[in-house]
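Working notes, beginning with the structure itself.
Only heavy atoms go into these numbers, but all of them, side chains included; no hydrogens, no water, no symmetry mates. Each chain gets a letter, A, B and so on, in the order its sequence line appears, and its residues count up from 1.
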2 protein chains.
Amino acid sequence: MMESASVRDVAALAQVSVGTVSNVLNHPEKVSETTVSRVQSAIRELGFIRNDAARQLRAGHSNAIGLVILDVTNPFFTDVARGAQQHAASFGKSVILGSSDEKPDLERSYLDLFEEQRVLGVLLSPVGEVTSRLERLRSRGIPAVLVDRIIPDAVASSVSVDDVAGGRLAVRHLIEQGASRVAFVGGPFGIRQVSDRAAGASTVAQELGVPLEIIATDALSIPEGRRVASELLVREPARRPDAVFAANDLVAIGLLQTFFAAGVAVPRDIAVIGYDDIGFAATAVVPLSSISQPSALIGRTAIDLVLAEAASGDPADRQAIVFQPELVVRDSTA
Amino acid sequence: MMESASVRDVAALAQVSVGTVSNVLNHPEKVSETTVSRVQSAIRELGFIRNDAARQLRAGHSNAIGLVILDVTNPFFTDVARGAQQHAASFGKSVILGSSDEKPDLERSYLDLFEEQRVLGVLLSPVGEVTSRLERLRSRGIPAVLVDRIIPDAVASSVSVDDVAGGRLAVRHLIEQGASRVAFVGGPFGIRQVSDRAAGASTVAQELGVPLEIIATDALSIPEGRRVASELLVREPARRPDAVFAANDLVAIGLLQTFFAAGVAVPRDIAVIGYDDIGFAATAVVPLSSISQPSALIGRTAIDLVLAEAASGDPADRQAIVFQPELVVRDSTA
DNA sequence: GACGGCAGTTGAATCGTTTCATAACCATAG
DNA sequence: CTATGGTTATGAAACGATTCAACTGCCGTC
């Protein structure tokens, strides 16, 4: 098994010094053309590949950005991750992805790993309390950007979406389509996104003078949507809501399936709107109206913020960016 | 901004040599208890975090394993990735994930990156020709394991699933449930998985004397499933198949939705079976029968193979492991 | 012909960890 | 009191790329 070549070997073959080889790799404009080509052919001949560990050691930091998301199985977060990854790649940086599965322990172990790797910066969709952790990253010179969560003290930049506005959008749309008895289905309310969406729903319902019923779920999943739908179907039709705002698309799809199987017409008998606009929303039994969040854009923006702070080292650059969600109307409410 | 502490600083504070600090970190059994605790409190006090780049440089390789999959949006591959990631974590190794999106260029750039990082090994679900690339990795002492693809010459180990057997399982089940006119829906046939599944379906249909109709699609997606279903519904009922084997679950879900909306009863009028057993299969309008592949197990096995070869350095350890798929019966065929 | 300036090149020092041959220490046996 | 063995601790060398001050030619100027 042949040992891999180092800059030293390349230098020897090309009859130059190691410094020159390094310059060919990193500052080719400082080296004469003939030398460049001689070195490059030596590189090709030896199959030389730069050892990233040595480069990082000297540089003091890697060129990777750490990203911790709440849940890999949630399409919203995977879209954010993909957006971040692609945008980072265009700057020649890579993204290391970890999923905390909403467990503070896992979150901590990923942050430890990222510190060991001396990442350029961290994007974090946090569980629980992180202020002290952010302080520590900052003291190490590692900038952090919060994703989908705002922290009051400007201890870090953040990129988020206005979930209250999203809740307002959804319920206003249902009422404009003629709904007179609206229900919000979702939970647990400990999740900020859920409570914000409910809050938005509630205020707009009050403003427009329409009653809003709150139905709590244990999780934002398809089975929970089905369970709630079955419970609603037990009521006599006149006491059912005529429009439902589900806290995410998975719940909405569960509702749709059960209504559909029971012969309840969507949207004529009951209109349904979801949240997140995941890929499956458009291809559900009845194409599902939803509130769309600019997930890829969130990822890109977070990368921009973290790179800017890493480059300037200036905490004054911190910003809290809030995007606005958008209403996507499909058959389930039209 | 405080500089981060090194082993040298820790050694000074704990009044020991750098070698001892390193031993506390890596071989604590060689160090006396009192020294261990003294060093550990120094580590805590300074907030010392080991610099991974320096460690790797010394070790000659990182403790990460590179994984290149064909498509991040395919649940089968993300399950493989998750299985690999979790299993690797139990050995203290991490997995770096890249998606080639079926483009040879992207595949190559990820392999280059992995070589720069001196990964411990590579798991690869290849696009196109890779033999020469595998040779090169081998000459660098980086073992590779192919995922979901077999290469005839034993140039690398491989882990795959027997798709022909899967096709046989699916169609035998349909016929045992009473089907007398079976259709296979899927494509493009350039994808080995598709052609293998069709081949298995075809042989078993022949053996049992049941006619098999092949209906080609452009992709393995929900919309293509809906398109085919609409075309079938144009035929008079007696000329429709009474059972359909879809090349994957997305196509099957598309079929189900359109049949359901048209009032065709599944499975009474037409039985439907899919392939992959993705999470959505169990929660479809009609819970979908499917052929399940042990995706997490594939990931775990690939990790085992690559670590074994990395540890022994012995190419004789190479193996080609083929798993058998399993039939999962749900309402759509029962 | 002395000098400054410039482009190209050199090679030693550096980053932070791990390893390993060596040393120091202590206890027990002869 | 010495020899033997075992346990701990030491510190210099090594890993491989990058940097930077110093150096070499070479040209043009006064």
Side-chain angles (χ1 to χ4, degrees), chain A residues 2-40 42-43 46-63 92 112-113 115-120 140-141, chain B residues 2-40 42-43 46-63 92 112-113 115-120 140-141:
Chain A
M2 136 193 128
E3 285 309 305
S4 41
S6 74
V7 274
R8 213 174 235 64
D9 304 319
V10 174
L13 180 61
Q15 313 221 51
V16 296
S17 72
V18 292
T20 300
V21 175
S22 176
N23 280 334
V24 169
L25 292 169
N26 303 295
H27 310 281
E29 77 283 357
K30 293 187 168 180
V31 182
S32 74
E33 277 189 37
T34 66
T35 313
V36 169
S37 66
R38 198 144 42 90
V39 170
Q40 277 176 341
I43 287 177
L46 294 173
F48 167 80
I49 292 229
R50 179 168 29 328
N51 183 326
D52 199 46
R55 189 236 281 268
Q56 283 183 207
L57 173 58
R58 190 70 237 269
H61 59 82
S62 81
N63 61 170
D112 284 344
L113 181 69
E115 279 193 57
E116 278 197 9
Q117 310 227 16
R118 302 292 191 272
V119 294
L120 216 53
R140 284 211 138 63
Chain B
M2 136 192 129
E3 285 309 304
S4 41
S6 74
V7 274
R8 212 173 237 66
D9 304 319
V10 174
L13 181 60
Q15 313 222 53
V16 296
S17 72
V18 292
T20 300
V21 175
S22 176
N23 280 332
V24 169
L25 293 169
N26 303 296
H27 310 282
E29 75 286 357
K30 294 187 167 182
V31 183
S32 73
E33 276 189 35
T34 65
T35 314
V36 168
S37 66
R38 197 144 43 90
V39 170
Q40 277 176 342
I43 288 176
L46 294 174
F48 167 79
I49 292 228
R50 183 184 350 1
N51 183 325
D52 199 47
R55 189 235 280 268
Q56 284 182 203
L57 173 56
R58 187 67 237 263
H61 58 82
S62 80
N63 60 170
D112 283 345
L113 182 67
E115 278 193 57
E116 278 198 10
Q117 311 227 16
R118 302 293 192 270
V119 293
L120 216 52
R140 285 209 136 66

Polar atom pairs between nucleotides 7-9 of chain C and protein, under 3.5 Å, N or O only, would you list them?
{"residue": "C:dT9", "atom": "OP1", "partner": "A:S32", "partner atom": "OG", "Å": "3.3"}
{"residue": "C:dT9", "atom": "OP1", "partner": "A:T35", "partner atom": "OG1", "Å": "2.5"}
{"residue": "C:dT9", "atom": "OP2", "partner": "A:S32", "partner atom": "N", "Å": "3.1"}
{"residue": "C:dT9", "atom": "OP2", "partner": "A:T35", "partner atom": "OG1", "Å": "3.4"}

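- We find the CD1-CZ distance between A:I43 and A:R50 to be 8.5 Å, quoted to the nearest 0.5 Å.
- Distance, A:H61 NE2 to D:dA17 P: 18 Å, rounded to whole Å.
- One finds no side-chain N or O of B:H27 lying less than 4.0 angstrom from the OP1 or OP2 phosphate oxygen of C:dT18.
- B:N26 has its CG atom 17 Å from the P atom of C:dG16, to the nearest Å.
- Across the protein-nucleic acid pair, B:R8 atom CZ and C:dT14 atom P stand 11 Å apart, rounded to whole Å.
- In this structure, B:D52 and A:Q56 have side chains that are not in contact, with every pair of non-hydrogen atoms separated by 4.5 Å or more.
- The nearest whole Å value for the distance from the CD1 atom in A:I43 to the P atom in D:dA17 is 10 Å.
- Atom CG of B:N51 is separated from atom OG of B:S4 by 7.5 Å, given to the nearest 0.5 angstrom.
- Residue B:F48 holds its CZ atom at 5.5 Å from CG of B:L25, rounded to the nearest 0.5 Å.
- Side-chain contact check for B:V24 versus B:Q40: some heavy-atom pair is nearer than 4.5 Å.
- In this structure, A:N26 and A:S22 have side chains that are in contact, with non-hydrogen atoms separated by less than 4.5 Å.
- Following rounding to the nearest Å, A:E115 (CD) and C:dT17 (C1') show an atom-to-atom distance of 18 Å.
- The side chain to side chain contact (heavy atoms under 4.5 Å, CB included) test applied to A:Q15 returns A:R38, not counting sequence neighbours.
- Separating the CD atom of A:Q15 from the C1' atom of C:dT10 is a distance of 15 Å, rounded to the nearest angstrom.
- A heavy atom closer than 4.0 Å to some atom of DNA chain D occurs in A:F48, A:R50, A:N51, A:A54, A:R55, A:L57, A:R58, these being the qualifying members of residues 48-58 of chain A.
- Base engagement by A:S22 is indicated by at least one non-hydrogen atom pair under 4.0 Å involving a base atom.
- For the pair A:V31 and A:P28, the minimum side-chain heavy-atom distance is 4.5 Å or more.
- Counting to the nearest Å, the P atom of C:dC15 and the CG atom of B:D9 are 11 Å from each other.
- Atoms CD1 and CD, on A:I49 and B:Q117 in that order, are 11.5 Å from each other to the nearest 0.5 Å.
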